[in-house]
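First up is the structure itself, then whatever we jot down about it.
Along the sequence shown, residues are numbered consecutively beginning with 1.
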Amino acid sequence: MRAAFLLLLATPIAAQAQTPVPATAVQSVDPALLAKAQPIAAIILPNGTMEKMMGPMMQKMMGPMMDGMTKMPIREFLKVGGLDPEQAEHLGEGTIEEMMAIIDPNFRKRMDVIVNTMMPAMGRFMGRYEPDMREGMAEAFAYRYNAAELDQIGAFLKTPAGAKFGAGFMELAADPHYIGRMQKIMPEMMRAMPEIMKSSAQELAKLPKPRTYNDLTKAERERLTALLGADAKKAH
């Protein structure tokens, strides 16, 4: 339950890194354009940005977002989890906040401890990869913009307004105005998920069902056991 909350609440930032990009989809860029793009990326993603975003800024945002989520009826979460919407409608309107007040009176305190320790740790971890992130950003700029455009962007970022815009651009993802809007959307998104997932369910229904252990050949079972490093039948 606690992990699910943190996953949902961190979506505005974390979702950016969810889908790996196939190596074949990344095209090489012109070194000359990359040289123009690198100073731009350095302004937009200065050292310490991720630690600042994932630390103090997100810590301030998590509380209000958590309050909004815990006030949602439990049945809305169960719908997303796969419970038939008609069955869910027969459930009461009790919220997660009300449920946890009975099950774990210290739920909110536990969440605060997790947020106040996990988010700074995530920020420090992400900070280690800022050089790679800057280089990736520079490559993206070099791919998307030509030399003249990069010169214009670089010139703008050298102005007082441009420098302020560039240095704070990444932090917009954790800005209270933006996060507040996302917080308002979240309950509606949760309610809409069962309908959204129907399209996937219809397409998935066209595919063969996954095989069980009993459907596998002897060679496949042996291969599966070797991959798992354990008896596949027992794991199954």
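Heavy-atom minimum distance, Ile44 versus Met170: O-CG, 3.3 Å. Closest approach of Gln202 to Lys206, counting heavy atoms only: O-CG, 3.6 Å. In terms of heavy atoms, Val113 sits closest to Thr117 at O-OG1, 2.7 Å. Between Ala37 and Ala142, the shortest heavy-atom contact is CB-N, 3.9 Å. Leu33 approaches Asn146 most closely through the heavy-atom pair CD2-C, 4.0 Å.
Rounding to the nearest 0.5 angstrom, the gap separating the CG atom in Asp112 from the CD1 atom in Ile114 is 9.5 Å. Of the inter-residue distances, the one linking Phe156 atom CZ with Ile43 atom CD1 reads 10.5 Å to the nearest 0.5 angstrom. Note that CZ of Phe107 and CD of Glu97 are 9.5 Å apart. Values are rounded to the nearest 0.5 Å. Interatomic distance, Ile40 CD1 to Met137 CE, rounded to the nearest 0.5 Å: 11.0 Å. Within the model, atoms CG of Leu34 and OH of Tyr143 stand 14.5 Å from one another, a figure rounded to the nearest 0.5 Å. The CZ atom of Arg223 sits 11.0 Å away from the OG1 atom of Thr225 when rounded to the nearest 0.5 Å.
Using a 4.5 Å heavy-atom threshold, the side chains of Met133 and Met50 count as touching. Two residues are said to be in side-chain contact when any heavy atoms from C-beta on lie closer than 4.5 Å; Glu135 and Glu139 meet this criterion. Side-chain contact between Glu171 and Lys52 is present, with at least one heavy-atom pair separated by less than 4.5 Å. Inter-residue side-chain proximity for Ile153 and Tyr145 is flagged as met; some heavy-atom pair is nearer than 4.5 Å.
Of the possible donor and acceptor atoms, none in the side chain of Arg134 sits under 3.5 Å from a partner among the backbone N and O of Ala42. Asp132 places no side-chain N or O within 3.5 Å of a backbone atom of Tyr129 that could act as its donor or acceptor partner. Put simply, the side chain of Glu130 never gets that close to the backbone of Leu45: no donor and acceptor are under 3.5 Å apart. Looking only at distances, no side-chain donor or acceptor of Asp104 sits under 3.5 Å from a matching main-chain atom of Met100. Judged by distance alone, with hydrogens and angles left aside, the side-chain atoms of Arg221 form a donor-acceptor pair with the main-chain N or O of Asn214 at under 3.5 Å.
By the neighbour-count criterion of 12 heavy atoms within 6.0 Å, atom CZ of Phe169 is sparsely surrounded, having that number or fewer from other residues, nucleotides or ligands.
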Criterion side chain to side chain contact (heavy atoms under 4.5 Å, CB included) on Thr95 and Thr70, from CA distance to verdict: CA-CA 7 Å; Thr95 66; Thr70 57; over 6 Å; no

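Note on Met126: it clusters hydrophobically with Met53, by side-chain heavy-atom contacts below 4.5 Å among ILVMFWY residues. Residues Ile103 and Met111 share a hydrophobic cluster, clusters being chains of Ile/Leu/Val/Met/Phe/Trp/Tyr side chains in contact below 4.5 Å.
Through direct or indirect side-chain contacts shorter than 4.5 Å among Ile, Leu, Val, Met, Phe, Trp and Tyr, Leu207 is connected to Leu204.
A salt bridge links Arg211 with Glu220: at least one charged nitrogen is closer than 4.0 Å to a carboxylate oxygen.
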